Every structure is written in structure tokens, then in C-alpha cells.
Amino acid sequence: MPKPEKTKYSRPILEFEKPLLELYEKREKLAQIQETGKMEMTEEIKQLDKRIEVTRQQIFSGLTPTQIVQVARFIARPNTLDYIGMIFEDFIELHGDRNFADDPALVCGIANLNGRSVVVMGHNKGHSTKENLARNFGMANPEGYRKALRVMRLAERYDKPIISFVDTPGAYPGLGAEERGQAEAIAKNLREMAELTVPFVSIITGEGGSGGALGIAMGNRVLMMEFSIYSVISPSGCASILFRDAARADEAAVAMKITAKDLLELGVIDDIIKEPQGGAHNDPELSAKNIKSAILKQLEPLLPLSHRELIADRYNKFRKMGIFNE
Amino acid sequence: MSIHDWFKRKKLQKEAEYTRERLDIPGNLWIKCYKCNQTIYNKDLEANLKVCPKCGYHFKLGSAERVRQVSDNGSFKEIDQHLTSKDFLNFTDTKSYAGRIKDSILKTGLNDAIITGTAKIGTYDVALGIMDFSFMGGSMGSVVGEKFTRLVELAVEKKIPVIVFSTSGGARMQESIMSLMQMAKTSAALGRLRENGLPYISVMTDPTSGGVSASFAMLGDINIAEPAALVAFAGPRVIEQTIRQKLPPGFQRSEYLLEHGMLDIVCERQKLKDTLTKILRFFKD
Ligand SMILES: [Zn+2]
């Protein structure tokens, strides 16, 4: 029987995962004893692993929208560059909008997916404060959106599919961003994405924050990870504007219907990508594997479509969005 | 209208009057300019297209007034007037969305935050859309997105240019993700308009921000704004909170956007119809 790994559990956990902490620590202790060779603990570890699994299952099967927001934003959650590394081969990052700057909050590049050349892009958050400062917490400036458009056009010129990963609190609301036309940069991307002649799949991996998310998310197919969110405003933003009280973010999170399940029901997304037990951060490799097979599955029926069919497919998808009284 | 609605409407109208009085605007006869504080005879203000004759401040215009100002007399034919918003999420904040919709309809006499139709401007046929800030702050929900998109599709069918006057606080949050999707829908429609070789003129009026500025408002072949209009992605308060410093004067106003290359023209209201006519002539001849 293969020995259980030993220090798998020394890692950050979420507030509501606390019931697991004690079990994780206990397991680590058993593994240490096992390591010294003084006592045989394999059976105990196996038992404990089962308990961990059951507990985790219980916690994650009943998450509230607010808890899902916490998972979606968790600093240990795999980011775009993590996923790119696990899903694609030969990734080469392409920098700059050829106009003003390179935006590290939104990464773009060329890569290979199962033998097929593709263009990939995504907002990239950091795993530490330092990384987040360098990446502006995944909040892109206009240059990010303009770089994304430049690389989308590259994909179009050479007939390569586009995969986008969405994970941003929103487009950056800064002075320079306004000065350089944040609104125009996003608006233009929306119009141009609608007209792309190549297959395009978008995946909300963590936080789909408003226009800043949509700015690279007009795929022929739009998927969401099980514990991701997609929303027009953050729950706390909504609470402070509509509920006149930022502290009512929990209520706002429920009212706004921002989870993958809600958005599938509303017809805004096409499918949900299952996450490993305990969320993507609990098993990034498996999470990446799930994303990869979802991309392949969604791309397949798009590949034979003509340029005109791809545009029509995308137009019809977004044309249907809206609920009103006629 | 039920008797209940009639009373409610009276009540809301009374509230509006009260607000006016609080703002020190004595009735409908005299108006105090928000900018220069001078008292203006209302008739003079109307005659001057609701621009302060003393300081040039552009008062907000209702959509009906805008139609009268820019389109040839009696040429506007409204379409899709019957579309109304739906509270499909049963969204309740301090008040239910269903209630807000109903009150806004009663208070404004409009069915939502945009009116659309065909019109003639300087004898040229156009598809004309005009947003109205008085209806829930001009926020864009499914109805605004749908009416805009149908307007553009009608223009493609009739092979005529599109002119839209924007004014909006942003997305209609009570429709959550569906309001965000209207940005995609309207922008895609404009892509189709362009593919068909038809022009789109966007006129931004005070204020145009959020989801509307980051979609159809900024996508004009020609982008026009009225003087001193706030045109922004994120509002000034949000930015101040983010960067924790005071913003420079004139930041995010039309003149600032013109200087930073985001607009073609800042156009005074008195010259607007003439300017639009000349632009339409350029595209037509
Ligand atoms: Zn004045």
C-alpha cells in the first residue's frame, strides 16, 4: 500500500473550513509518527482521511453565496497562469498593447492545447500581497483590454481558437485608467469580440467582476467553475448602493444570484465545470484537468463552423440575453 | 390606471414638487440655475433649449423634450413603447424592484429609461434613441438593452444611420447579471451595424457612466458630448476611494475627454441639431 503523503495539509484554509483544521493537524501528527518509523499508522491515517473527506463534503455541499464568494476570491485559488501551466504546452506570453504599456493584470499568449495552436488570455491575480500588488489584484487598465484585443486579432488572422480565463474584481477604477479611456477600451472589446471569426471559449475561474470581466468574456461558449461568481457589481458594492449599508453584503450576495448554478438557470452560461472536493485550491491539478476536458468538449462542435457561422452563433447567444415584459 | 395608482401618482408628483421647493426652485415659473445661482424665468430657459442664458449651464433634458429639440417637427415615430421591465429575480433592497418599476412609470409617464423610434433630422431619416435620466437614473436593464438593439436592427433593415443620446448612472443592478449582458448585446448589435456600412452617432449627455459608457455610448463613429457632461467608466467617488486623493478639477467632464482623445466634438445644445444635420449630410452625400 502506498504511504499517504505527509505534509499535504500545511496550507491556508478558509474561515468556514475551520472544522477541518483540527483534522488536518491530527493527520499531520500521525504522518510524522509514521515517518519516524516508531509506530505503524497507515490504518489510522486512512480512517482520518475518510473523516476529512466526509467533513469536507458536508461543508462544500452547502455553501452560502457569501461562502462561494470567499472560495472564488481565495488567495490560494489557482490563478490564470497556474491553469495555463497545467492545461497548455509551449505557452509563450505576449506583452504590451503597442500603444502605451504592458498590463501585468491581464496576461495573453500563444500556446498549444492537445496538439492544436490556440491563443490564451486571462486576468491574473497573485497568491501573495506582493504578487497582488504587482498584478494590481487582477484589475486591468485600458492597456490590458487593448492588449487582449490585439492578441484576439492575431488569433483571427491565423485562424486560431481563443480561450479566455476570467478572474477579476473588475476593471481598475483609477485616475489613469479613466484618462486613457477605460470605458472605450472595454466597449470596443465587446463590439470586436462579437465579430471574431474564430472559435472562442470563456471560463469564469474565480471572480467575474462586471464590465472588467465581460471585456474578455464574450465567448461562443461561456463556462463557470463550480465555485466561481459572475456579477454586475460586488455584493458589498451592491449593499452599499442599494441596501444603503455595506454590512448587508450577505443579503446582496443572495439577492443578486451570482453563483454558477444561478447563472446556468438564467441561461447566461452554457455549463458548470465541476471542482475537486473542497474547491479548486484543494487539488489544482484535478481542477485543471476538469477545465481542460471542458474546453475540449466545448471547442469540438465549434471547430467545423465557418467564419460567418461563428459570428452568427455568438450574436444569437448574446442577442437572447434579457428578461422583460413584451 | 386604478384609483390606487391615481392616488399614488398624485403623491409621487407632490413629492417631486417638494424636492423642487427644497432645491429652492419656486414652482414652475422661475428656476434657479444650479451653477450660477441666478434666477431665470422658466419661459426664457425653455426658449434657450434649457441652457442657462447667463452662464451656459446645460440643464438635464427629458426624452420628450430632447425629441422636440433635435428632430424635425412631428417626425418622431416611437417603436417598442410597450416594453416594460420585469422583476424576474424578485429583487428587494430597501424596496422591491417591482415596486420601483411601477413607481417610476407613474412618476415619469415613461415605460423605461429609453425611448426609441424613427425620425427626421434636417430632413434625413434616422433611427433615434433617447435615454431619460428621470427613469431610475437612466440605468440599463433588459428593456434598455433590448430597445437599443431593436433600434439598431431596424436601422440595418431600413438602411439608415443611428443616433443615440445617452444619459445613465450605469447598469440596472436590480437585474444583476442580465444588466451586464445588455452591454454585450448592444455592442454586438453595433458591430452588425458597422458590418452593414451604416453610421452610428453617439451623443453623451450629463451624466453618462458605467455600463452604458463602457458599451454603446463610447462606440460612435462620431462621439459627441454636451458641454461639462460627466462621462466616465467609474464614478468620481469610486475613484477617490480607490486612489485616496482629490481628483483634479474638470476630471471626467466632456472637455477633459475631448482633450484626452475620447470625443470628436463637445457641442453646445444650440448647435447640436445643426451639427447632427451636417454629419448626416456627410454620410449621405
Ligand atoms: Zn447659470
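Each chain gets a letter, A, B and so on, in the order its sequence line appears, and its residues count up from 1. For the numbers below, each heavy atom of this structure counts, side chains included, while hydrogens, waters and symmetry mates do not. As the structure is a prediction and not an experimental result, all values here were calculated from the model.
Contact annotation for B/Pro236: neither backbone nor side-chain heavy atoms come within less than 4.5 Å of a heavy atom of chain A. Both the backbone and the side chain of A/Leu175 come within contact range of chain B, each with at least one heavy atom under 4.5 Å from a heavy atom of that chain. Proximity to chain A (any heavy atom under 4.5 Å) is shown, for B/Arg192, by both the backbone and the side chain. For a residue to count as touching a neighbouring chain, one of its non-hydrogen atoms must lie under 4.5 Å from one of that chain's; by this rule B/Thr92 touches chain A with the backbone only. If you measure heavy-atom distances from B/Glu240 to chain A, you find no contacts under 4.5 Å at all. Heavy-atom distances place no part of A/Ala239 under 4.5 Å from chain B, backbone and side chain included. Looking at A/Glu251, there are no atoms closer than 4.5 Å to chain B (heavy atoms on both sides), in backbone or side chain. Within the 4.5 angstrom heavy-atom criterion, atoms from both the backbone and the side chain of A/Glu179 approach chain B. Using a 4.5 Å cut-off between heavy atoms, B/Ala217 does not touch chain A at all. Contacts between A/Met256 and chain B at a heavy-atom distance below 4.5 Å involve backbone atoms as well as side-chain atoms.
Listed in order of number, the residues of residues 255-264 of chain B that approach chain A to under 4.5 Å between heavy atoms are B/Tyr256, B/His260, B/Met262. Scanning residues 135-147 of chain B against chain A with a 4.5 Å non-hydrogen threshold yields B/Ser142, B/Val143, B/Glu146, sorted by number.
Of all the listed residues (B/Gly211, B/Ser179, B/Ser213, B/Ala184), the one sharing the greatest number of non-hydrogen pairs under 4.5 Å with chain A is B/Ala184. Contact tally against chain B (heavy-atom pairs below 4.5 Å) for A/Ala194, A/Gly170, A/Ala255: the top residue is A/Ala255. For chain A, the option among B/Asp87, B/Leu219, B/Asn223, B/Asp80 with the highest count of heavy-atom pairs below 4.5 Å is B/Leu219. For the set B/Gln241, B/Lys185, B/Glu195, the entry with the most heavy-atom pairs within less than 4.5 Å of chain A is B/Lys185. Among A/Gly322, A/Gly181, A/Ala183, the residue making the largest number of heavy-atom pairs under 4.5 Å with chain B is A/Ala183. Chosen from B/Val238, B/Thr149, B/Asn111, the residue pairing most often with chain A at heavy-atom distances under 4.5 Å is B/Thr149. Ranked by heavy-atom pairs under 4.5 Å with chain B, the first of A/Arg319, A/Arg180, A/Met218, A/Met321 is A/Arg319.
Side-chain contact check for B/Ser85 versus A/Asn325: every heavy-atom pair is 4.5 Å or farther apart. A 4.5 Å side-chain heavy-atom check between B/Met218 and A/Lys188 finds every atom pair outside the cut-off. A/Leu190 places none of its side-chain heavy atoms less than 4.5 Å from the side chain of B/Leu190. You'll find the side chain of B/Met181 reaches within 4.5 Å of the side chain of A/Leu214, heavy atoms only. Side-chain contact between B/Thr94 and A/Leu242 is absent, with no heavy-atom pair separated by less than 4.5 Å. In this structure, B/Phe233 and A/Ile186 have side chains that are in contact, with non-hydrogen atoms separated by less than 4.5 Å. Side-chain contact check for B/Asp112 versus A/Phe324: every heavy-atom pair is 4.5 Å or farther apart. Here the side chains of B/Ile177 and A/Leu263 are in contact, with some heavy-atom distance below 4.5 Å.
Side chain of A/Glu178 to backbone of B/Ala234: a donor-acceptor contact under 3.5 angstrom is found.
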* Pair B/Glu175-A/Lys257, salt bridge (charged side-chain N to carboxylate O under 4.0 Å, His left out): steps then yes or no -> CA-CA 10 Å; B/Glu175 292 190 21; A/Lys257 303 266 190 285; over 6 Å; no
* Asked: Taking it one step at a time, do B/Lys86 and A/Glu326 satisfy salt bridge (charged side-chain N to carboxylate O under 4.0 Å, His left out)?
  -> CA-CA 10 Å; B/Lys86 190 171 178 173; A/Glu326 174 81 65; over 6 Å; no
* To do: Applying side-chain contact (heavy atoms from CB on, under 4.5 Å), run through A/Tyr230 and B/Ser176 and close with a yes or a no.
  => CA-CA 9 Å; A/Tyr230 196 6; B/Ser176 199; over 6 Å; no
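Rounding to the nearest 0.5 Å gives a distance of 11.5 Å between CD of B/Gln182 and CZ of A/Phe318. Distance check, rounded to the nearest 0.5 Å: CE of B/Met173 to OG of A/Ser210 gives 10.0 Å. In this structure, CG in B/Leu180 is found 8.0 Å from OG in A/Ser231, a value given to the nearest 0.5 Å.
The shortest non-hydrogen separation linking A/Gly174 to B/Ile243 is CA-CG2, 4.3 Å. Contact detail for B/Met178 and A/Leu266: the closest heavy-atom pair is CE-O, 3.6 Å. Residues B/Phe91 and A/Cys238 share a closest heavy-atom pair of CZ-SG, 4.1 Å.
Annotation: A/Arg157, atom CZ; neighbour count of heavy atoms from other residues, nucleotides and ligands within 6.0 Å is above 12. Dense packing is recorded around NZ of B/Lys95, with more than 12 heavy atoms of other residues, nucleotides or ligands lying under 6.0 Å away.
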